[in-house]
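First up is the structure itself, then whatever we jot down about it.
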Number of protein chains: 2
Amino acid sequence: MDKKDFRASLILTATHLFAERGLNGVSIRELSTAAGVSISMISYYFEGKEGLYSSVLEEQFSCFEYMQTIKDRESEPLDKIEEYIRWSIQRNRDYPHLLRYYTSELTNPTRYFGIIVQPALEKALHILIDIIKEGITKKQFRDELNPEDTALAMAGMVNYYFLSSLATQKFINILPERDEELIRHYMDIFTRGILSQALPAPL
Amino acid sequence: MDKKDFRASLILTATHLFAERGLNGVSIRELSTAAGVSISMISYYFEGKEGLYSSVLEEQFSCFEYMQTIKDRESEPLDKIEEYIRWSIQRNRDYPHLLRYYTSELTNPTRYFGIIVQPALEKALHILIDIIKEGITKKQFRDELNPEDTALAMAGMVNYYFLSSLATQKFINILPERDEELIRHYMDIFTRGILSQALPAPL
DNA sequence: GTCTATATTGCGATAGAC
DNA sequence: GTCTATCGCAATATAGAC
């Protein structure tokens with residue numbers, strides 16, 4: 001951090017602060033002070049506060065490219081779904097601020113939603129939808145499923161776990177030590193449901 | 001709106017604007033102009049911008065009290081879960097801005113998170129957890145289920161559908177006309193899973 | 001109750017010295 | 001590249017007239 005790389009220092013500090021309080025909740029004064037850098041450096045490196053914010057967004061959302069790797073994998077749809085869940089959870093561990101930008105942009109979009117956030121989310125979701133469709137085609141998944149809704153249900157289940165953590169941390173342990181258990185549990189609910197015995201009729 | 005009730009007019013306008021751009025994204029100048037009221041009325045009625053915001057929050061989150069009605073209902077756990085899904089979806093229809101405050105506060109909490117948002121979410125979630133527990137006790141749900149994770153999965157599935165709508169509206173129809181289909185579909189996924197046949201072993 | 005006018009503070013951006 | 005000093009503007013809040 002004190003390695004003279006002021007640009008990197010600004011990105012790092014901004015990533016923390018913007019995640020906590022949003023684009024409008026942080027002033028470049030506070031930000032530059034926290035980064036140990038002069039306020040004018042933000043204009044110098046990023047052409048202003050919004051430029052810094054967009055650089056943070058781009059860095060954060062670049063990890064969504066990994067979905068392409070899952071798509072290209074030579075494996076069965078169910079295994080791809082497990083890999084998606086595993087990757088989603090690990091993504092929240094590796095990028096602890098990403099979900100904040102994610103949902104902050106979904107609820108209070110900035111001008112960068114359309115050029116950075118939306119394309120990343122849309123591509124990831126379409127890959128997930130295609131995995132569901134493949135499973136239906138291969139008769140491994142029930143053919144009554146609506147692929148779009150099903151993919152959203154899957155994504156929602158995993159993401160909401162982390163999204164709600166601020167409200168649940170008093171009574172739910174969200175530490176990484178439970179991640180493997182969580183993966184098995186969510187795979188189990190998503191594939192087999194919660195009922196102790198199969199219902200008589202479909203849908 | 002033009003019925004001289006400036007207080008109500010301010011609440012209504014604020015509900016729209018704060019939902020769209022967050023507490024820090026809206027100025028009281030813009031807000032009072034949009035409401036057709038003088039800027040000083042905000043201090044007069046709400047003791048400032050934050051007071052107005054907290055009034056909006058309280059109004060929005062009051063609808064969570066309905067969860068108590070579901071809890072007190074004399075019906076089976078599975079029916080309560082369906083009622084929860086139905087209420088959740090209808091809640092998003094009746095209070096189209098609520099989810100914005102909900103997730104905005106979860107990701108960028110204001111000082112009102114702890115006193116308004118968190119208690120409402122926590123109570124609703126605990127009721128959902130108790131419904132799952134009751135289902136397990138009555139042997140209607142599988143006893144391997146972790147009630148907390150299961151309740152979160154349920155809540156996440158439904159809420160994420162609306163949360164992600166800004167990113168999905170181009171290819172998913174989120175109009176109310178599909179709500180009944182969605183309810184059946186999510187009940188189906190949650191209770192029976194996605195597999196075309198039961199897996200051999202539990203968990 | 002409602003307004004206009006204003007006090008005061010903090011904002012983002014940048015000119016210019018080094 | 002980096003800093004300090006400052007400009008111009010917009011923010012919230014409020015005093016005081018009506």
Side-chain angles (χ1 to χ4, degrees), chain A residues 1-59 101 104-105 108-113 115-116, chain B residues 1-59 101 104-105 108-113 115-116:
Chain A
M1 174 94 99
D2 57 352
K3 57 175 145 55
K4 273 289 179 49
D5 195 343
F6 285 1
R7 191 180 191 280
S9 172
L10 279 170
I11 290 262
L12 194 65
T13 308
T15 302
H16 277 78
L17 290 179
F18 285 146
E20 271 173 15
R21 305 208 295 275
L23 172 58
N24 295 315
V26 187
S27 75
I28 57 170
R29 276 186 155 75
E30 174 188 8
L31 208 158
S32 55
T33 303
V37 167
S38 161
I39 189 175
S40 55
M41 289 296 92
I42 291 172
S43 281
Y44 180 77
Y45 281 118
F46 303 99
E47 292 163 36
K49 183 186 179 179
E50 297 217 334
L52 172 55
Y53 180 79
S54 77
S55 293
V56 170
L57 271 194
E58 279 188 26
E59 189 184 274
Y101 289 103
S104 172
E105 285 285 337
N108 305 127
T110 67
R111 76 169 77 175
Y112 303 105
F113 177 79
I115 51 182
I116 301 177
Chain B
M1 173 94 100
D2 57 350
K3 55 173 145 57
K4 271 288 178 55
D5 196 344
F6 286 0
R7 190 180 191 281
S9 172
L10 278 170
I11 290 262
L12 194 66
T13 309
T15 302
H16 277 79
L17 289 179
F18 285 145
E20 272 174 13
R21 303 207 295 278
L23 173 59
N24 295 313
V26 188
S27 74
I28 57 170
R29 270 183 158 75
E30 175 187 8
L31 210 158
S32 55
T33 303
V37 167
S38 161
I39 189 174
S40 54
M41 289 295 93
I42 292 172
S43 280
Y44 181 77
Y45 282 118
F46 305 99
E47 293 164 36
K49 182 187 182 181
E50 297 217 334
L52 172 54
Y53 180 78
S54 77
S55 294
V56 171
L57 272 194
E58 279 188 26
E59 188 183 276
Y101 290 103
S104 172
E105 285 285 337
N108 304 129
T110 67
R111 76 170 77 177
Y112 304 105
F113 176 78
I115 53 181
I116 300 176

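Note that the structure is predicted; figures quoted are calculated from it, not measured. Numbers restart at 1 for each chain; the letters A, B, ... are given by sequence-line order, proteins then strands.
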Among the candidates C:dG12, D:dT12, D:dC3, find the nucleotide nearest to the side-chain atoms of A:Val37.
D:dC3
From D:dT2, D:dT14, C:dT2, nucleotide with atom closest to B:Ile39 side chain
D:dT14
What verdict does the side-chain contact (heavy atoms from CB on, under 4.5 Å) test give for B:Leu52 and B:Leu31, after you've listed the backbone C-alpha separation in whole Å, the side-chain angles of each residue and the deciding distance to 0.1 Å?
CA-CA 11 Å; B:Leu52 172 54; B:Leu31 210 158; 3.9 Å; yes
Take atom [atom1] of [X] and atom [atom2] of [N], then tell me their distance rounded to the nearest Å.
X: B:Tyr53; N: D:dT12; atom1: OH; atom2: C1'; answer: 18 Å
X: B:Leu23; N: D:dA11; atom1: CG; atom2: C1'; answer: 13 Å
X: A:Tyr45; N: C:dA13; atom1: OH; atom2: C1'; answer: 18 Å
X: A:Ile42; N: C:dC11; atom1: CD1; atom2: P; answer: 12 Å
X: B:Leu31; N: D:dA13; atom1: CG; atom2: P; answer: 12 Å
X: A:Met41; N: D:dG1; atom1: CE; atom2: P; answer: 9 Å
X: B:Glu50; N: D:dT12; atom1: CD; atom2: C1'; answer: 11 Å
X: A:Phe6; N: D:dT2; atom1: CZ; atom2: P; answer: 5 Å

Look at all strands and tell whether A:Ser43 reaches a base, only sugar-phosphate, or nothing, counting heavy atoms closer than 4.0 Å.
base
How is B:Ser38 classified with respect to the nucleic acid when contacts are heavy atoms under 4.0 Å: base, sugar-phosphate, or nothing?
base
Walk me through whether A:Arg7 and A:Phe46 qualify under side-chain contact (heavy atoms from CB on, under 4.5 Å).
CA-CA 9 Å; A:Arg7 191 180 191 280; A:Phe46 303 99; 3.6 Å; yes
Does the plane of the ring in B:Phe18 sit parallel, tilted or perpendicular to the ring in B:Tyr53? Use 30° and 60° as the thresholds.
perpendicular
May I ask you to verify whether the side chain of A:Arg29 and the base of C:dG10 hold a donor-acceptor pair under 3.5 Å?
no
For a quick test of reading the model: is some side-chain N or O of B:Ser40 closer than 4.0 Å to OP1 or OP2 of C:dT2?
no
Given side-chain contact (heavy atoms from CB on, under 4.5 Å), test A:Leu57 with A:Glu105 step by step and report yes or no.
CA-CA 10 Å; A:Leu57 271 194; A:Glu105 285 285 337; 3.8 Å; yes
A:Glu30, CD atom: more than 12 neighbouring heavy atoms under 6.0 Å
yes
